[in-house]
Amino acid sequence: VTTRECPKEMTHGPCGGVAFDGSCEVGDRSCAFAGGAVVNWSGPAASVAVVDPLRELAARRSLVVADLPVASSRADDVRRAVASLAGRIDAALFGDMGIARVQLPPSYRAALVAAEGVRPWAGVNCRDRNRVALEGELAALADVGAAVHCITGDHTDLGHRPDAKAVFDLDSTELVSLASRAGLFASVAENPVAPPTALRPARLVEKVRAGASACFVNHAGHRDVVQAFVEEARLLGAAGTLFVVCVPVVFSLASLAGIRTFTALALPAALLASIESAADPFVEGVRQALAFAAAVLDVPGVSGVDLSLAPAPGEADRALEAIRTIAKELM
Ligand code: SF4
């Protein structure tokens, strides 16, 4: 694959945004990695596993992570949201989705989250920063004591900032290597339902060889899909990896529309069938999230769930209420 063929200039593709028909997430071509084999990690091998309280906690009970539902560059909005989750979740995951770009740097947001008593799990993408800037973020995140979620990132053409030049100096596999060598507890994402699905477990194993300690399993729609992915990845070499499975949290029709904007997404059939006709979408969404969480936590090798949601503008408080309601049942 040449850099001209992949708009993200990835070495260790394909990304998780490959559409179900095999086309590139940017939409104007086939994925450059279609039909190819997994690209092996050839950089420095990860040394000893990074010790982290999240790993120790996961040995005792299932982790409950939640997306931070605040797409705001105002620090007070972040503080207020995180304060309402303190003591309710094990970590708050935050990043910069293409559709909800947040301009506060990841390390600053991590410091805000930590100051409110919640463990930050900071998403860092390769779209907005070159390797020098990424190294700076990683150093600051290490100082804050954050975990880091390493992603390549959605292309700028998909989001609200097409005016910004996409960087893609590194990809997620290269970033997780940098992060683990900086001593950070580092995760990656893998999407079991994005083509080529048969290669996704092996692709994760290459990220583990590069330094990933944990994997967020993107929205797969059914616990059996999660189980097949986790089983094969563990067999191939990810036996020591923490698997945190994304659970869709829908609490309104607008939040359903929001989550449907995720690339290469599969949602539970029961969720789609019930939410639109529910008398109270909040109650039904919480019920569906708890049912899906219970199903995936029953899968051998799964260490926890990530309560994943995409609130519409003005829905942050309702989203936080949904997280607290679900987390209370899971903790
Ligand atoms: S789908 Fe992703 S990996 Fe494939 S060509 Fe497009 S940007 Fe590159």
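Computed from a predicted model, the values in this text were never measured in an experiment. Below, all heavy atoms of this structure are taken into account, side chains as well, without hydrogens, waters or symmetry copies. Just follow the structure's listing: the first ligand is 1, and inside any ligand the first atom is 1.
Note on atom 8 (Fe) of ligand 1: protein N/O/S atoms under 2.8 Å are C6 SG.
The two residues V50 and S180 make their nearest non-hydrogen contact at CG2-O, 4.4 Å.
In this structure, R109 pairs ionically with D96, as a charged nitrogen and a carboxylate oxygen lie closer than 4.0 Å. Salt bridge absent: R318 and E315 never bring a charged side-chain N and a carboxylate O closer than 4.0 Å.
Annotation: salt bridge (Lys or Arg N to Asp or Glu O under 4.0 Å) contacts involving residues 34-60, sequence neighbours excluded, comprise D52-R119. Residues in residues 281-291 take part in these salt bridge (Lys or Arg N to Asp or Glu O under 4.0 Å) pairs, two or more places apart or across chains: E284-R287. Among residues at least two apart or in separate chains, salt bridge (Lys or Arg N to Asp or Glu O under 4.0 Å) pairs with a member in residues 191-208 are E190-R200, E190-R203, E190-K207, E206-R209.
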